[in-house]
Structures are given as C-alpha cells and as structure tokens.
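To find a chain, count down the sequence lines: A is the first, B the second, and so on, and within it residues start at 1. Just so it is clear, the values below take in all heavy atoms, side chains as well, and ignore hydrogens, waters and symmetry mates.
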Amino acid sequence: QSALTQPPSASGSPGQSVTISCTGTSSDVGGSNYVSWYQQHPGKAPKLMIYEVSKRPSGVPDRFSGSKSGNTASLTVSGLQAADEADYYCSSHAGTKRVFGTGTKVTVL
Amino acid sequence: QVQLVESGGGVVQPGGSLRLSCAASGFTFSNFAIHWVRQAPGKGLEWVAAISSDGTNKYYADSVRGRFTVSRDDSSNSLFLQMNSLRAEDTAMYYCARDWGALFDYWGQGTLVTVSS
C-alpha cells in the first residue's frame, strides 16, 4: 500500500488561508468517507483535527475544514495563527489497512 | 482521562527482537481496536499493525508482516507488539493509537526503537 501524496510544504502569513491536498486512489481516498487529518508539532504525538472527510472533533477550531473530490482530499486552515505551524498528515482506510499521507509542513510566515 | 503509555523501546542489533507495550487507562479497553503507528526519524507516519477489540482480527503492513505480531491482554488493559528479525529500517518512534470509528482519536507519546550494530 503506497502512501497518499501530499505536498512537502505549504505556507501563509498570519490571517491568511492555506490548503493542503492529499491524493490517493479509488482504493483508499476515492473509495472511503473515512479520511482524517492529523496535526503534529515537533517532538509531539499527532493530534486528530478532521475525521470522516469534514467533521471536526470537539475542541478543534472551526478555522480547520476538510473536503474531498474524487481521489483527493483537502485540509484548509483559515485565519492562520503561529500555533498552526506544524506537520499535517492525512489518513484513509485502505481495505483492512490504514494508510497515511507523506506529510506537509505548514509554515506561518 | 484517556491515556496510552508506550514502553519497551531501546537499542537492538539487526536481527534481534524487542517487545513493545502500550498501557491503556481512562476508557473500557476491551471495546476498542488499537493500532501501532511508527515514525522514522525526520520522516512521516507509517501505519504498522492493528488488532480488533476482541483480539480475533489482526492486520499488518506489508513491511512488517511475518516479523511483527500484535496482541492484547484485556485483563491488564495492555497492547503488545512483538518485533522479530529487526532491520535498520525499523528504527522509529512507535506510537499506539486508539481506533474510534475509522480514525485515531488518542495517541500515546511513543517509544523509540533503534536498530543498530
């Protein structure tokens, strides 16, 4: 099972928006509504930010939103803040397995 | 509150074995599937293995199948990962993560495994 494809980096100034893509196949992202996104700060464990493509867990700001079209899912962070600077990973079901994206480092300029 | 605490990491020679543990608390452990996810230094997340809530179904990444075995002991609220025939490429931080409806809602802080001679 190959990793889902994400851009290595993305950036934006405070207050701006950034969108990260996550491209898979019809066997994972395209065939599943169970796409989730995780935020990871250096030296920390990942934290769930979005699940089932577009749902936010309690406590996650509504500045974070998710969507999907075909084999590509997207995470948008609006109103960028310094605390949003982190690595972001998508994840999807792939049959009985799980697969993660390659990861995107978001930099707040 | 939900807690997952990994242990058992360390330095091991290529070809050696190691057994990781994940101690769970703050929830009914036997109701949840649990996963192992690893992250090589400076690299991305890689799903490793999973075990169903009743322990009957086990799933593995191709990269570890036949070498790693996942198990659980609900009496002690513990998850295990037996790792055999270790390779340099198995060097990583190993996290356990709770499965809640096709997502990982809680993660441990990880335990570091280094395979080196």
- Task: May I have the step-by-step check of ring pair (Phe, Tyr, Trp, His ring centres under 6.0 Å) for F104(B) and F100(A), ending in yes or no?
- Result: CA-CA 12 Å; F104(B) 309 107; F100(A) 285 98; 5.6 Å; yes

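- In this structure, chain A has a heavy atom under 4.5 Å from the side chain of V37(B), while its backbone stays farther away.
- With 3.5 Å as the limit, one finds a donor-acceptor pair spanning the side chains of S17(B) and N84(B).
- Proximity to chain A (any heavy atom under 4.5 Å) is restricted, for Q39(B), to the side chain, taken from C-beta onward.
- Between D90(B) and R87(B) there is no salt bridge, since no side-chain N of the basic residue sits under 4.0 Å from a carboxylate O of the acidic one.
- Annotation: cation-pi pair R56(A)/F64(A) absent, no NZ/CZ under 6.0 Å from the ring centroid and within 45° of its normal.
- At a 4.5 Å heavy-atom cutoff, the contact between Q40(A) and chain B is made by side-chain atoms alone.
- Heavy-atom pairs under 4.5 Å with chain A peak, among E46(B), H35(B), M93(B), at H35(B).
- S91(A) touches chain B through its side chain: at least one heavy atom from C-beta onward sits under 4.5 Å away, while N, CA, C and O do not.
- Residue P46(A) touches chain B through both its backbone and its side chain, counting heavy-atom pairs closer than 4.5 Å.
- In this structure, the portion of Y60(B) lying under 4.5 Å from any heavy atom of chain A is its backbone and not its side chain.
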- Query: Would W107(B) and Y38(A) satisfy side-chain contact (heavy atoms from CB on, under 4.5 Å), going step by step from the backbone distance to the final call?
  - Reply: CA-CA 11 Å; W107(B) 298 66; Y38(A) 301 86; 3.9 Å; yes

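- Judged by distance alone, the side chains of T91(B) and T114(B) never bring a donor and an acceptor atom under 3.5 Å apart.
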